[in-house]
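Report on the following structure.
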Amino acid sequence: MLEEQLKKIRSAERISSAAVITALTTDFFTLHGDRLQADDPAVTVGYGCFHQQTALFVGVNRGATLQQRLDYHFGALSPAGYRKVNRGLSQAEKFGWPVITLINMPGAAADVAAELNGQSQALAATISQMGRLTVPNIALFLGEGESGGALALANSNRILMLENSIYSVASPEAVQAILKGDEPQDLTKYLPMTAAQLAKLGLVDQIIAEDKQTMVRIDQALQQQLAELTTWSAVQLQQQRTEKYLTVLAKFA
Amino acid sequence: MSHLPAVGTWRQCPKCQRNVHRLEWGSLQICPHCGYYLRLTATQRLQQLATEFQPLPEITAAAPFAFPGYQAKLAQAQQQTGATEALTAGVATLQQQRFMLGVMDSHFMMGTLNMIVGARLRQVIAAAKTQQLPLVLVIASGGARMQEGILSLLQMNTVLAAYDDLNAAGNYTLNILTDPTMGGVSASFAFAADTVIAEAGATIGFAGKRVIQKTSREPLPPAFQSAASLYQQGQLDAVVARTDLAAVVGQLLRLHQRK
Ligand SMILES: [Zn+2]
């Protein structure tokens, strides 16, 4: 049931980006700020040693406690956040590092400041840069990811999802709202958004089981996927990204 | 009930409340009393910006998912607009200059981005590339169409990738942001053009005003998300009156003619 999944992925106990970065890397160095306006605490961008090579990690911070959630704006990235991501992506490209994004967020920030600071263009720039990267990128959904805010961080060669994660055009609450007058129901009946459904569409490449071994499984999955992707040329990586999404769409054409 | 003006009727101006006859609204749909712009249909926009128009082969497809009420909404939009979807694309001529033109129609489910609209956008972008023509997009969209779920979202990156590719090929690109330009359209290809201009009075932004007020409960600044304020903030090259739009498009196309 979607409702139970949402409860799990929004709970304080949910595996966080910070936990993944701590468990999987050594020597981690964190970037701060977009060199223009602000440092967005909703996203950690940094690089560390992952199995004998440097990798860039982009981790959305959702927060566990109420105070953390307020501090991190519930994981809704501001334009400064996306610009910090782009700064990290440029460095990864310059030094040939793979990129791993960790996603559990409601979407991009929807407030007056975000609009005034160019949220639309910040999102578009991240979508673009992720799509054209000459180094491999892998998106891992730790929880939920919605709207263009999540898409920008998931425009990758590979998409991995923890088994209870969801990836959707909008929050289930927003989708429910257009079902006017209808009783609240399991939206997965109408729109594919669970890891299993999206794997069936060919959008999600690997589902990671959630149990006591989740962190070990994440480590292995990322390592395995990277082992293949690092043998590809820059052009192959760019082409595969474009084709991956067009192939999914072609199934409905 | 149709929200398009029926032929031969009076229509009240939403701004000054005066009743205005169809002939007074004219082909540009401007209130003769207060200057208010009604939203143009794709057909009206084509009349404004193209002296000749040859449509591309029309891409269609069945709705991907059986979302409740969606079929009826689509049928209603098709009946009201006479179009099959929210984007019309083809080769246009204006002031003796040929270009690829894509026009979104807010009267068709608020111009929302779905499978077909995305496929037609990639088609018109690819046609501009192969025929070595400039691309002009008239944008009017509320964002991604929820009823097609994740497939609508994936139009953002795939259309933007095609757009980036066209820019890299050296084609001139011009986006005209009209009312409304929001959400997943604003946050993907709307600002990807060499020149981004807006029609006066357009609302342009990522999140809708209602969403912002619901999530943050903060008061909105005056003229928030208006073309004029975006221009002041340095996010647009120009804000153009509807009556001047064809002339400005002609000027930009002339200046970008290939040798
Ligand atoms: Zn009026």
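Reminder, nothing fancy here: chain letters follow the sequence lines and each chain counts from 1. Below, all heavy atoms of this structure are taken into account, side chains as well, without hydrogens, waters or symmetry copies.
Using a 4.5 Å cut-off between heavy atoms, B:P219 touches chain A through its backbone atoms (N, CA, C, O) alone. Interface residue B:L160: only side-chain heavy atoms are found under 4.5 Å from chain A. Using a 4.5 Å cut-off between heavy atoms, B:N157 touches chain A through backbone and side chain atoms alike. Contacts between B:Q213 and chain A at a heavy-atom distance below 4.5 Å are absent for every atom of the residue. Residue B:A119 does not touch chain A at all, counting heavy-atom pairs closer than 4.5 Å. When heavy atoms are compared at a cutoff of 4.5 Å, B:Q235 approaches chain A by way of both its backbone and its side chain. With a 4.5 angstrom heavy-atom cutoff, B:M146 touches chain A via backbone and side-chain atoms both. Looking at B:A61, only its side chain comes within 4.5 Å of chain A, counting heavy atoms on both sides. Only the side chain of B:T215 comes within contact range of chain A, judged by heavy atoms closer than 4.5 Å.
In terms of heavy atoms, B:L153 sits closest to A:S168 at CD2-O, 3.9 Å.
Within a 6.0 Å sphere centred on CD of B:Q131, heavy atoms belonging to other residues, nucleotides or ligands number more than 12. Counting heavy atoms of neighbouring residues, nucleotides and ligands inside a 6.0 Å radius, atom CZ of A:R10 exceeds 12 of them.
For residues 237-253 of chain A, the interface with chain B (any heavy-atom pair closer than 4.5 Å) comprises A:Y245, A:L246, A:V248, A:L249, A:F252, A:A253, sorted by residue number. Contacts with chain B (heavy atom to heavy atom, under 4.5 Å) involve no residue of residues 57-74 of chain A. Within residues 107-127 of chain A, the residues having any heavy atom closer than 4.5 Å to a heavy atom of chain B are A:A108, A:A109, A:A110, A:D111, A:V112, A:E115, A:L116, A:G118, A:Q119, A:S120, A:Q121, A:L123, A:A124, A:I127, listed by residue number. Inspection of non-hydrogen atoms places no residue of residues 81-94 of chain A under 4.5 Å from chain B.
Comparing A:M193, A:R132, A:E146 by heavy-atom pairs within less than 4.5 Å of chain B, the highest count is held by A:R132. Comparing B:K209, B:M182, B:R122, B:K214 by heavy-atom pairs within less than 4.5 Å of chain A, the highest count is held by B:R122.
A:S128 places none of its side-chain heavy atoms less than 4.5 Å from the side chain of B:Y163. In this structure the side chain of A:V169 never reaches within 4.5 angstrom of the side chain of B:L151, judged on heavy atoms.
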